[in-house]
Q: 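Submitted below is the structure of interest, expressed as structure tokens.
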Amino acid sequence: MNILLTNDDGYDAEGIRILWQILKTDHNVYVMAPHKNRSAVSSSITMKGYLEIHRKEDGVWTCSGTPVDCVIAALRSGIIKQKIDVVISGINAGANLGTDIIYSGTCAAARQGVLYGIPSIAVSEDKGDRDKYDFRNLANFIKDNLEKLVDLCSVTECVNAGNRLPWNPVCFVNVNGKSVDGYKGVVLCKFHGARNYNDTALVTSDDEENRVIIKGGRLESFGNSQSDCFVVEEGKIALSLVLAEPYCINTVDLSGFSL
């Protein structure tokens with residue numbers, strides 16, 4: 001396959017470098033990744049100014065923009081001449097579970113791939129109890145199951161849930177696992193968990209301005225045994241299918257509204 005690899009931790013992050021090394025043994029891998037850490041930028045794109053693209057080595061470029069900028073530049077600029085078969089974003093240092101998906105630049109890059117009609121996969125790892133990440137087991141899982149993961153982007157249930165994109169796939173696969181020596185199983189999750197970050201905003205003031213520092217507190221996860229947060233906690237790999245388009249709830253009775 002021709003693979004576009006990106007991330008939000010930056011092109012020199014350990015997770016993307018290991019995934020690149022493992023995937024390129026069997027596939028053509030092209031890297032377009034941010035030149036520095038761009039975590040938690042969600043689907044932000046650069047609307048003013050220009051992007052700086054630098055070739056680092058054969059098939060590897062850095063981009064001054066966000067993860068979504070990287071996907072747009074890689075797929076729309078002509079820098080990569082080959083047709084891309086799958087977009088893979090990661091491996092992210094840190095889980096992207098439940099409501100993390102809203103903020104995640106890792107997931108946003110995969111979403112952008114789907115918006116361009118390309119099967120896409122977001123991959124993230126929870127460090128768990130370890131002092132440092134070991135991305136190799138999760139990277140090997142991606143390599144060994146790549147075709148199956150691509151097929152998941154087009155499963156019937158996902159296609160039926162999406163009704164506005166005029167192409168298939170309409171969802172990306174979100175992959176999460178802990179940094180462990182071996183996984184206890186693989187689960188296609190029915191639910192996304194909810195995450196409470198217990199954020200605080202510390203305000204410091206002087207005579208001219210206020211400064212605010214936002215910090216996350218103790219992370220809490222909510223859901224049931226079939227949600228992604230708890231599947232990963234059990235030492236399994238959590239797969240979830242995420243619609244690229246916003247999902248609209250349309251079962252509310254509007255008869256009581258006045259005009």
Side-chain angles (χ1 to χ4, degrees), residues 5-9 13 15-16 19 33-34 37-45 66-72 86-116 118-128 138 141-142 149-150 152-155 157-159 161-162 164-165 169-178 186-199 214 216 219-233 236-249:
L5 189 58
T6 189
N7 72 348
D8 71 357
D9 288 335
I16 193 172
L19 187 56
N37 190 294
R38 293 285 190 175
S39 296
V41 298
S42 190
S43 289
S44 173
I45 61 175
T66 67
V68 169
D69 286 331
C70 291
V71 175
I72 295 171
V86 57
V87 174
I88 303 179
S89 181
I91 299 172
N92 188 67
N96 278 304
L97 299 162
T99 44
D100 296 341
I101 296 171
I102 299 169
Y103 309 103
S104 167
T106 304
C107 292
R111 182 183 297 112
Q112 188 64 36
V114 172
L115 292 175
Y116 282 165
I118 299 174
S120 300
I121 304 164
V123 191
S124 304
E125 184 165 302
D126 183 345
K127 186 165 61 173
L138 194 54
F141 171 82
I142 299 300
L149 292 168
V150 168
L152 278 179
C153 295
S154 300
V155 297
E157 289 80 1
C158 195
V159 174
R164 288 189 293 174
L165 295 182
V170 296
C171 67
F172 67 88
V173 183
N174 190 33
V175 181
N176 281 270
K178 274 190 175 183
V186 181
V187 177
L188 183 59
C189 299
K190 294 184 177 181
F191 305 101
H192 290 116
R195 309 268 262 178
N196 180 8
Y197 308 99
N198 286 295
D199 300 326
I214 298 176
L219 179 63
E220 297 177 289
S221 298
F222 302 91
N224 58 29
S225 61
Q226 300 179 74
S227 59
D228 54 4
C229 299
F230 291 89
V231 167
V232 168
E233 192 60 34
K236 301 174 182 177
I237 292 176
L239 309 179
S240 60
L241 303 180
V242 184
L243 285 172
E245 67 181 67
Y247 188 76
C248 186
I249 297 174

Q: Show every donor-acceptor pair shorter than 3.5 Å between a side-chain atom in residues 236-243 and any protein atom, with sequence neighbours excluded, or say none if there are none.
A:
{"from": "Ser240", "atom 1": "OG", "to": "His192", "atom 2": "NE2", "distance (Å)": "3.1"}

Q: A side-chain contact here means heavy atoms from C-beta on lying under 4.5 Å apart; do Ser89 and Asp8 qualify?
A: no
Q: If the condition is side-chain hydrogen bond (donor to acceptor under 3.5 Å, both in side chains), which residues does Ser43 pass it with, not counting sequence neighbours?
A: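 Ser43: side-chain hydrogen bond (donor to acceptor under 3.5 Å, both in side chains) contacts with Arg111.
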Q: Looking at every non-hydrogen atom in both residues, tell me the closest pair between Asp100 and Ala95 and how far apart they are.
A: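 The answer is OD2-O, 3.5 Å.
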Q: Are any of the side-chain heavy atoms of Pro34 and Thr66 separated by less than 4.5 Å?
A: no
Q: Would you name the heavy atoms of Cys153 and Cys171 that are closest together and state the gap between them?
A: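 The answer is O-SG, 3.3 Å.
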Q: For the residue pair Ala33 and Thr6, what are the closest heavy atoms and their distance?
A: CA-OG1, 3.8 Å
Q: For a 4.5 angstrom cut-off between non-hydrogen side-chain atoms, does Ile16 reach Asp9?
A: no
Q: Between Lys178 and Glu125, what is the shortest heavy-atom contact and its length?
A: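 It is C-CG, 3.9 Å.
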Q: Give, for atom CG of Leu19 and atom CG of Asn92, the distance between the pair rounded to the nearest 0.5 Å.
A: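 Rounded to the nearest 0.5 Å, the CG-CG separation comes out at 12.0 Å.
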Q: Taking atom CG of Leu149 and atom CD1 of Ile88, what is their separation to the nearest 0.5 Å?
A: 8.0 Å
Q: Nearest 0.5 angstrom please: Asp228 CG to Ile101 CD1, how far?
A: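 One finds 6.0 Å between CG of Asp228 and CD1 of Ile101.
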Q: For the residue pair Ala110 and Ser120, what are the closest heavy atoms and their distance?
A: O-CB, 3.1 Å
Q: Would you check if the side chain of Ser44 reaches a backbone N or O of Ser42 as a donor-acceptor pair within less than 3.5 Å?
A: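 Side chain of Ser44 to backbone of Ser42: no pair is present.
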Q: Quick one: do Asn7 and Thr106 satisfy side-chain hydrogen bond (donor to acceptor under 3.5 Å, both in side chains)? Show the steps, please.
A: CA-CA 5 Å; Asn7 72 348; Thr106 304; over 6 Å; no
Q: Is there a side-chain contact (heavy atoms from CB on, under 4.5 Å) between Val87 and Tyr116 once you walk through the steps?
A: CA-CA 10 Å; Val87 174; Tyr116 282 165; over 6 Å; no
Q: Would you check if the side chain of Asn96 reaches a backbone N or O of Asn174 as a donor-acceptor pair within less than 3.5 Å?
A: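 A pair under 3.5 Å: no.
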Q: The criterion is side-chain hydrogen bond (donor to acceptor under 3.5 Å, both in side chains); which residues satisfy it with Arg38, sequence neighbours excluded?
A: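 By the side-chain hydrogen bond (donor to acceptor under 3.5 Å, both in side chains) rule, Arg38 matches no residue at all.
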Q: Can you name the closest pair of heavy atoms from Ser227 and Cys189 and give their distance?
A: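 Looking at all heavy atoms of both residues, the shortest contact is C-SG, 4.2 Å.
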Q: Would you mind reporting whether Asn176 and Val231 have side-chain heavy atoms less than 4.5 Å apart?
A: no
